[in-house]
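Okay, so here's the structure we're looking at.
Throughout, a chain's letter reflects where its sequence line sits, starting with A, and its residues are numbered from 1. Computed from a predicted model, the values in this text were never measured in an experiment.
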There are 2 protein chains.
Amino acid sequence: MTNQNKESCAVRATLRVTKALADLQRVRILMMLKRGELCVCQIVEVLALAPSTVSKHLSILSAAGLVDMRKNGRWARYRLPEGMAGAFIRPLLSWLGNTLKNDADIVRDVRNLKRVLNCDPGSLCRRQRKR
Amino acid sequence: MTNQNKESCAVRATLRVTKALADLQRVRILMMLKRGELCVCQIVEVLALAPSTVSKHLSILSAAGLVDMRKNGRWARYRLPEGMAGAFIRPLLSWLGNTLKNDADIVRDVRNLKRVLNCDPGSLCRRQRKR
DNA sequence: GCTATAATTCGCCACATGACGAATCAAAAC
DNA sequence: GTTTTGATTCGTCATGTGGCGAATTATAGC
């Protein structure tokens, strides 16, 4: 983003971020990612939504700069942005973390996530395909 | 809000806030209120929306705890929450302020607001009713 | 009391958004 | 090269959201 149009599109970039945060499932994803990098099938398993739905949520988070993605073979791994790239949205993520770290639903997600992390990702995908 | 259900509804309260922030007009209102207390007709004048629409936006912001309201006769004056009440959302408002303070649209709003503040509020309402 | 008036609520419409399954894409595995 | 497979895109549908004008509310002024 060049310096001269940074000002004129700030409000659009900002709304991309706030709109991305204005959905329960996307907030749940962000809170899970605080525990570290995850692949799509692991997020699908915890949220219990269709893979296509989760993929869409992740693309919205990505467009807002709230997550980073890197592909490793067929596996796409998502994580919270680090370093300079994440400086812009870090205050928001830490506010979110503070307000939700004791929330019952979020705590349950994290507990489920720990269980899911012990599974073979391949077997998760296989089960998800069966539905 | 009692202590025992604070955790269980944190995510709902949080989403009320993020959803409230996920709209251009409501963000514009918050940025205007950084300049101080405003009555509805002044906000209507700058946003150039129907009074009923603005009123709805203000009720959403109010439900999220992002603004305070006090009635003075027929006039309703809105402002950013102060003191303890605003502590929860202050980090968000300052993030918003930082990211948008140089945005072209927001700067224009503030300039228009200064002009509007020089008008008699009663005359603003009269003009708005004519539309 | 009656009228005027600032603001809100209501009813309606157009459009945006989130969900799914089917189809597609792209990298591995054979 | 064909098949398998993790992920994404597309098409569709139900629901949510933002906008307006009309009706309503509540207070001030006569």
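- Atom CD1 of A:Ile43 is separated from atom P of D:dG6 by 15 Å (rounded to the nearest Å).
- Taking the charged nitrogens against the carboxylate oxygens, A:Arg79 and A:Asp68 have no contact shorter than 4.0 Å, which rules out a salt bridge.
- Regarding B:Arg70, its CZ atom lies at a distance of 16 Å from the C1' atom of C:dA6, rounded to whole Å.
- The distance between atom CZ of A:Arg129 and atom P of C:dG21, rounded to the nearest whole Å, is 15 Å.
- Salt bridge absent: B:Arg115 and B:Glu45 never bring a charged side-chain N and a carboxylate O closer than 4.0 Å.
- Linking Ile, Leu, Val, Met, Phe, Trp and Tyr whenever their side-chain heavy atoms come within less than 4.5 Å puts B:Leu24 and B:Val67 in one cluster.
- Summarising the geometry, the separation between CG on A:Leu24 and P on D:dT15 is reported as 18 Å, rounded to the nearest angstrom.
- A side-chain donor-acceptor contact under 3.5 Å links A:Asp103 to the backbone of B:Val11.
- Rounded to whole Å, the distance from CZ on A:Arg126 to P on D:dT5 is 7 Å.
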Per-nucleotide protein contact string for nucleotides 8-20 of chain C, where B marks a base within reach and S marks sugar-phosphate only (heavy atoms under 4.0 Å, - for neither) = BB-------SSSB

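- For the pair B:Asp120 CG and C:dT5 P, the computed distance is 12 Å after rounding to whole Å.
- When side chains are defined from C-beta on, A:Leu58 does not count as touching A:Met69, because their heavy atoms never get closer than 4.5 Å.
- Counting all heavy atoms, side chain and backbone alike, A:Gly122 lies closest to A:Trp75 at N-CH2, 3.7 Å.
- As a whole-Å value, the separation of B:Arg74 CZ from C:dT5 P is 8 Å.
- Per the geometry, CH2 belonging to B:Trp75 stands 11 Å off P belonging to C:dT5, to the nearest Å.
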